[in-house]
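For the numbers below, each heavy atom of this structure counts, side chains included, while hydrogens, waters and symmetry mates do not. Residue numbering restarts at 1 for every chain, and letters A, B, ... go by the order of the sequence lines.
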Amino acid sequence: MYSAVTDNTQQNQGNRTKKSSTDHSLMPPCQATCPLHMDIREYVDLVAQGKIMEALQVIRDDNPFPSICAYVCDYPCEDTCRRCQVDKPVAIRMLKRFAVEFGGDRMIQVKAETTHRERVAIVGSGPAGLSVAYYLRKLGYPVTVFEADSKPGGMLRVGIPEYRLPPKIIDTEIQRLIQMGVEIKVNTRVVSLDRLFDMGYQAVFVAIGAHQGRKLRIPGADLDDTWTAVSFLRNARLKQKGNIGEKVVVLGGGNVAFDCARTARRSGAKEMHIACLEPRDEMLADAPEIEQAEEEGIVIHPSRTFTRIIDKDGHVAGVECLKLRSMEFDKEGKLHLDIIEGSEHSLAADTVIFAIGQCPDLNLFSGLSGLEVTKQGTIVIDQATLSTHHPGIFAGGDVVTGTASVTQALATGREAAFRINDYLQHRYPLAGKEAEENPLGDLFPETVETIRKTERLEPSILPTEARVKSFEAVELVYDWEAATEEARRCLHCGTGAEILFQDKCATCLACLRVCPYHVPYLDDSGTIQIPADQCQACGICVAECPAKAIVLRKPYGRQQISEELDHIVKAAAQLNLKPLIIGFCCQYGLSGTGTLASLRRGAKAGIWIVPVLCAAKVEAEQLLYAFEMGAEGVFVAGCGEQCARENIAFWVRQHVEKVRKTLAQIGLEPERLEAFNLSATDEEPVKALNSFTEKIGELCFASVITQEVKR
Amino acid sequence: MIVSERKPLAEIRRMIAPYQRLLTLGCGTCATVCGAGGEREVSFLNSALRVAQAKSGNETHTLSEYTVKRQCDLEFLDPLVEKVGDIDAILALSCGIGMQVIAERFPDMPVLPGVNTSFMGAVDEYGVWDERCAACGDCRLEETGGICPITRCTKGILNGPCAGTKDGKCEVSKDMDCGWILIYKRLEGLGQLEKMRRYYPPRNFRTIPRPKRIISQANIDTGEDND
Ligand SMILES: Cc1cc2nc3c(=O)[nH]c(=O)nc-3n(C[C@H](O)[C@H](O)[C@H](O)COP(=O)(O)OP(=O)(O)OC[C@H]3O[C@@H](n4cnc5c(N)ncnc54)[C@H](O)[C@@H]3O)c2cc1C
Ligand code: SF4
Ligand code: SF4
Ligand code: SF4
């Protein structure tokens, strides 16, 4: 049957970031919500362990341009993060940024070889176009990107302000694409798609985005000093000096409006106002965006509607407004305004920017038959194949969806690359490969109550005075300590306990009794159930189940520890260092990053560390097994004060006590086994460990456990 | 459920000394539930025996392990047929019943008890079991409000409480409830106090100290356990 130390045969020995055959984990909601379905849980956990390079590897597996997402992703994953139910979501985007910067993403080279003859043309070099290029190149196709502008990047380059996305980040990614063999033709506007086929391209991907800004249809909207958001931002980013006045009023309440106002602030405007229909607490922009804008002196005028741009001698002099009691969209999407009588007033301005949305500009393509366009001016595609009605022409990104998001564009690009591959290889599209799995359900209120609340750590941002002076990046990156701490807040959704061997379960109810989160329950038929969406993956029941019927869905527990232990015992046997001391040490937080290594260096004897993901997962048998394999001393080291859970020390000591009792019965000194808290501030870890090793040395002198073990 | 407790290691080592190849055999039912002889305990015990033999340096047992669903039914023992050829004795981690069934099934095979079969009982809290029934063969629970005076009264008297009861506790130990006070309260609750006023003629019992308790978990707070 199943045994503690020999059940590692089917374990994946290689790259631990790859899913092994024993990984039965379920998709957490963060991953399900991410347009790229990134394995967030995995990389966040690796960050928590201080394994930054491995975290970056996981990130790169699913994301062609992680450094860009790290700055500008609109992080829908955080909205569905199950930590929201407990306190605040895990700071997923900023942890990615940390991994990207500290893991050295800039240095990574991506190789691609040409294995196909069919050439693909990509129209537009925004995130959608670049993503298709990346994946088609990896699939072995020669690709050419046509870009109307002088520099590639699309909205990344001409929309999103520099203080949110430094241009050098885009440059690095473009450089990487060029190294992969992607051909990028800038200053090349495509005017006829038919021509591309004439030029020998066998498939075309249209990703021209949505660059046509909209204005309100009110008198004065076409005066000289009025702008659309896209044209204003574009001018600012391309450093073409426009006539930005001193008093700027932006109409609209979304993130783009704030981009405009904050850009105006950095471009020398003296007064910046944002006015919008929505009441203050319903504004569409993200909360940090609003907060930072106000710090920068931007004044917000919520609940307004606009009747006229005031014209003074052909120049803008202000915006005439009415106050709203309320606003509402009806079922048909029609807007109803409840205007406060006699609330007419005006906001003085010499520049007005309309930030009320944008749409694709398809007029560029004249004479192309078969391209179907919606009322909103977006291209119609088949959802399964991403193909337009014209064979060989595919489309994606904002030109299909209207302004969406960068990550959405990257995801469509990746999907499109696979569909274009299907098309060129005359294969039936293997759609649905990325089909949604059922995300985990909500936590029960009872479960929420038992989970320790931890404060979300926000990385710092540039002080206001510094940020308004230039276009320097506003957000700063975590330091090592903050990142590992924040990463530990993840609840490891969907990796929890599973009764793998129902037939072995004796229904002893141990799991039900020990679970700190009250997760296991008896169903009506008297069978024990461990609901996957409630389990917190602490592993306590796994180490207690007397029938060894429970495993963790991700092989974080018994198997991984046994494997590491065997590995270390072998390595130690080769070196034949004595006395052999084995320490099972928690890898999370600082203990995983610095403390452990310095401990090993600092301590006097040869200490071998078995890394574990939580000390409570070390089972009593494994402690004993270490002795069986020749250890003269064994210790378990938890992460101490910073532990994300509450009951760990208790269970570690239970396991330790059980083994100590047995050692005593054998006639060995119980002090050969010790439990430490590595990072507890009042303990000096090196000192504690040294006195432990000295003690073992003395005990060893008195009596050595013979190492020739017959099995 | 039948509650058992692993024998001290020294006793087990003495028992196995004459045999070279041993199969430590777990039971997947009661012995698993009470934490004395499930799959986990089987491998823990074997590991402990190996460490002990490494320490002593002059033993050379070969220890294998297996756990059946239930040792007290012959049918569950079939998978052992092919194993018994390679072993000299079975070290059984099951109650006395299981061990005897094994002995019956394999007449030529020595069976060694790895656990002491302690009592029939129920769980109080995780890792703590209390004796509840003495299998006296003449159940009187109807008269005593569903509380067994034989096991829950230290003296096992049938007409309690005795004069040693104080504040609901037994004179034998302040921590032990007086079984007869429990019975009284329960009958009071049921409105059947007249049952207290009857005389129950004596029966012949072995005098054994009761109730027993096993605490398998180390109690970190009080340091209290069975040793
Ligand atoms: C101001 C602003 C801020 C934003 N901020 C964010 C943010 O913080 N986070 C986020 O996720 N999303 C943000 N978005 C949305 C995001 O930028 C877009 O969803 C995304 O860029 C869409 O990518 P795309 O590749 O479809 O198109 P685009 O990025 O728009 O790229 C299209 C490219 O096609 C080129 N092109 C057009 N016509 C032709 C032609 N005929 N021939 C050749 N080339 C052509 C254009 O020059 C352009 O370079 C923002 C949008 C705006 C406007
Ligand atoms: S707690 Fe972790 S795994 Fe769960 S949704 Fe949030 S980031 Fe994802
Ligand atoms: S602890 Fe193990 S044997 Fe006991 S009920 Fe839970 S799964 Fe079953
Ligand atoms: S792994 Fe932890 S949280 Fe999950 S059921 Fe077991 S004890 Fe409960």
### Message
Pairing donors with acceptors under 3.5 angstrom, does anything connect the side chains of B:S47 and A:E628?
### Response
yes
### Query
Tell me, side chain or backbone of B:V42 under 4.5 Å from chain A's heavy atoms, or both, or neither?
neither
### Message
Other residues, nucleotides and ligands only: do more than 12 of their heavy atoms fall within 6.0 Å of CZ on B:R186?
### Response
no
### Task
Taking only Lys NZ, Arg NE, NH1 and NH2, and the carboxylate oxygens of Asp or Glu, determine whether A:K504 and B:E39 approach each other closer than 4.0 Å.
yes
### Query
Roughly how far, to the nearest 0.5 Å, is the CG atom of A:L624 from the CZ atom of B:R50?
9.5 Å
#### Entry: Atom pair CD (A:E621) and CD (B:E41), whose distance is rounded to the nearest 0.5 Å
7.5 Å
### Task
Indicate yes or no: at least one non-hydrogen side-chain atom of A:R513 is less than 4.5 angstrom from one of B:V123.
yes
### Message
Any donor-acceptor pair under 3.5 Å linking the side-chain atoms of B:S43 with those of A:K548?
### Response
yes
### Query
Of the backbone (N, CA, C, O) and the side chain (C-beta and beyond), which part of B:R6 lies under 4.5 Å from a heavy atom of chain A, both, or neither?
side chain
### Query
Between B:K55 and A:L668, which heavy-atom pair has the shortest distance, and what is it?
CD-CD2, 3.2 Å
### Heavy-atom closest contact (A:A506 atom, B:G28 atom, distance)
CB-O, 3.4 Å
### Message
Other residues, nucleotides and ligands only: do more than 12 of their heavy atoms fall within 6.0 Å of CD on B:E82?
### Response
no
### Query
In terms of side-chain geometry, is the basic nitrogen of A:E544 or B:R40 positioned less than 4.0 Å from the acidic oxygen of its partner?
no
### Task
Check whether NZ of the Lys or CZ of the Arg A:K658 lies under 6.0 Å from the centre of the six-membered ring of B:F44 and within 45 degrees of that ring's axis.
yes
### Message
Could you report the tightest heavy-atom contact between A:T662 and B:A48, atom names first, then the distance?
### Response
CG2-CB, 3.5 Å
### Message
Nearest 0.5 Å, please: how far is OH in B:Y126 from SG in A:C511?
### Response
9.5 Å
